[in-house]
Amino acid sequence: MMLTALGLMSGTSLDGVDVALIETDGKQVKAFGPTGYRPYTPAERNLLRQALSEAVHLPQRDARPGVLAEAERAVTLAHAEAVAAFVAQHRMKPEDIDIVGFHGQTVLHRPERRLTVQIGDAPALAKVIHIPVMHDFRAADVEAGGQGAPLVPVYHRALAHSLEREGPIVVVNIGGVSNITYIDGNDTLIACDTGPGNALLDDFMYRTMSQAFDAEGKFAALGKVDEAWIARALELPFFAAPPPKSLDRNDFAALRLGEVPPADGAATLTAFTAAAIARIIPLLPRRPRSWIVCGGGARNLTMLRMLRERVGSATVEAAEALGWASDAIEAQAFGFLAARGLKGLPLSYPATTGVPMPMTGGVMARP
């Protein structure tokens with residue numbers, strides 16, 4: 001049975017709430033609907049930053065001391081407003097939507113302590129929007145000994161299957177960190193971080209050029225790559241470790257280029273991201289035929305070119321070129337995960353989060 005599912009996502013950047021509608025049975029995506037966005041106000045962002053610092057000391061996952069209770073109310077209200085604006089803009093009624101997937105705002109993720117906390121009051125949200133809400137997607141995986149992340153690979157697989165092309169297919173997300181989902185038919189789904197994404201390059205551009213990022217990779221295109229530096233960096237133990245594996249944005253911050261012309265530094269760091277992604281190939285069961293790139297790195301034409309140069313005969317293309325809404329994929333994914341959770345289907349697997357067995361998840365809150 002197909003469901004009209006609305007996904008809501010608020011990520012670690014604290015920029016706001018993404019909204020996306022899909023039609024799905026939890027196995028395939030029949031249709032993509034419209035998307036929306038509700039930015040957090042500066043005051044809300046400040047409140048969430050305070051919540052993040054206070055959450056470090058949380059004794060258990062349902063505790064909401066001090067500012068955390070206030071932040072949870074703010075998150076819930078922002079999501080309610082995002083849904084109300086979306087429904088009004090597209091002239092829908094609550095009964096047009098079967099289920100909402102509500103990720104909430106992560107304030108603490110410590111899987112080694114079997115603890116993950118996403119704030120947001122799902123029962124209150126369901127009552128306000130008059131739609132059933134699936135929430136708390138990560139807890140079951142973490143409780144079972146998994147990392148609780150990433151959860152998007154199962155959605156990447158549905159997107160890849162809709163292409164009806166021969167596998168293996170790899171979906172690459174290049175954000176601050178780069179991560180991949182390896183898809184080969186119905187049975188093989190592998191996910192992991194591969195290394196730096198845009199973080200090292202963005203930090204370098206800000207430090208040397210006072211620019212937030214290298215738009216379209218135009219600056220890196222002018223520089224010369226230091227292949228010897230990349231070869232040394234790739235000797236770090238992380239790159240030889242098999243999936244699943246994960247990183248923090250700052251794990252490679254200690255790597256230093258030394259005194260180099262800015263264009264050469266940008267070229268080298270861009271090539272390092274591409275080389276680190278390609279380094280996963282020998283750790284995969286079969287060599288990928290297709291690489292599909294989403295996230296901010298998909299807009300960096302030099303990064304795409306450098307990745308093409310390092311993956312042999314495989315194709316490399318940006319997700320947008322396939323009609324995928326790159327910026328809405330995570331919100332769409334939580335609509336998809338809500339449908340899967342409703343049907344008791346797995347959200348995570350041993351080769352995506354390290355959980356011992358395929359795990360479903362999510363908790364239902366009804367209006």
Side-chain angles (χ1 to χ4, degrees), residues 3-11 14 16-22 24 26 36 38 40 44 47-48 50-52 54-55 58-88 92-109 114-144 148-149 151 330-345 347-348 359-367:
L3 299 170
T4 300
L6 188 69
L8 305 174
M9 181 64 196
S10 173
L14 309 181
V17 180
D18 289 309
V19 185
L21 194 73
I22 61 169
T24 181
R38 191 276 196 192
Y40 284 135
E44 287 166 342
L47 181 61
L48 290 172
Q50 289 176 50
L52 283 168
E54 288 203 13
L58 273 177
Q60 68 256 2
R61 64 188 313 270
D62 57 351
R64 298 292 183 267
V67 77
L68 281 158
E70 188 185 347
E72 182 158 73
R73 284 191 294 273
V75 165
T76 308
L77 180 60
H79 281 73
E81 288 177 358
V83 173
F86 180 89
V87 168
M92 302 175 74
K93 300 187 292 294
E95 51 268 33
D96 295 331
I97 299 168
D98 296 308
I99 191 165
V100 166
F102 174 40
H103 176 265
Q105 184 69 54
T106 298
V107 292
L108 185 68
H109 188 65
R114 301 211 171 184
L115 184 63
T116 185
V117 182
Q118 287 75 40
I119 58 173
D121 186 338
L125 179 63
K127 284 185 171 62
V128 171
I129 64 176
H130 308 294
I131 306 168
V133 173
M134 180 76 76
H135 65 110
D136 207 10
F137 289 95
R138 301 186 189 276
D141 183 279
V142 169
E143 183 63 31
L151 294 183
E330 286 212 327
Q332 290 172 345
F334 280 93
F336 183 77
L337 291 169
R340 286 184 74 83
L342 191 63
K343 298 184 178 194
L345 297 169
L347 311 188
S348 57
M359 291 291 300
T360 190
V363 177
M364 181 64 87
R366 299 194 179 274

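The first residue in the sequence is number 1, and the count goes up from there.
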[X] vs [Y] side-chain heavy atoms within contact, under 4.5 Å:
| X | Y | answer |
| --- | --- | --- |
| Met134 | Leu342 | yes |
| Pro132 | Met364 | yes |
| Leu3 | Ile97 | no |
| Leu125 | His135 | no |

The criterion is side-chain contact (heavy atoms from CB on, under 4.5 Å); which residues satisfy it with [X], sequence neighbours excluded?
| X | answer |
| --- | --- |
| Thr116 | Arg61, His109, Gln118, Arg138, Val142 |
| Glu95 | Lys93 |
| Glu330 | Met9, Val152 |
| Leu48 | Leu14, Tyr40, Ala71, Val75, Gln105, Ile119 |

With Thr24, which residues qualify under side-chain hydrogen bond (donor to acceptor under 3.5 Å, both in side chains), at least two apart? none
Looking at residues at least two apart in the chain, or sitting in another chain, which of them share a side-chain hydrogen bond (donor to acceptor under 3.5 Å, both in side chains) with Asp141?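 Result, side-chain hydrogen bond (donor to acceptor under 3.5 Å, both in side chains) vs Asp141: Ser348, Thr353.
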Taking atom CG of Leu337 and atom CG of Leu151, what is their separation to the nearest 0.5 Å? 6.0 Å
Enter the distance from Arg366:CZ to Ile99:CD1 here, rounded to the nearest 0.5 Å. 7.5 Å
Can you list every salt bridge (charged side-chain N to carboxylate O under 4.0 Å, His left out) pair that touches residues 96-105, not counting sequence neighbours? none
Excluding sequence neighbours, so at least two apart, what forms salt bridge (Lys or Arg N to Asp or Glu O under 4.0 Å) with Glu72? Arg64
Could you list the residues that satisfy salt bridge (Lys or Arg N to Asp or Glu O under 4.0 Å) with Glu81, not counting sequence neighbours?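 With sequence neighbours excluded, Glu81 shows a salt bridge (Lys or Arg N to Asp or Glu O under 4.0 Å) to Arg38, given in chain and number order.
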Considering residues at least two apart in sequence or located in another chain, which fulfil the ring-ring contact (aromatic ring centres under 6.0 Å, His included) criterion with His103?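 Testing His103 for ring-ring contact (aromatic ring centres under 6.0 Å, His included), a comparison that skips the adjacent residues, returns Phe334.
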Check: Gly104 main-chain N/O paired with Ser10 side-chain donor or acceptor under 3.5 Å: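 Checking the backbone N and O of Gly104 against the side chain of Ser10, no donor-acceptor pair under 3.5 Å is found.
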Sorted by first residue and then second, give each side-chain hydrogen bond (donor to acceptor under 3.5 Å, both in side chains) pair with at least one member in residues 331-340; sequence neighbours left out. Tyr155-Gln332, Arg340-Tyr349
Could you walk me through whether Phe102 and Asp136 satisfy the side chain to side chain contact (heavy atoms under 4.5 Å, CB included) test, starting with their C-alpha distance in whole Å, then the side-chain angles of each, then the deciding distance to 0.1 Å, before giving a yes or no? CA-CA 8 Å; Phe102 174 40; Asp136 207 10; over 6 Å; no
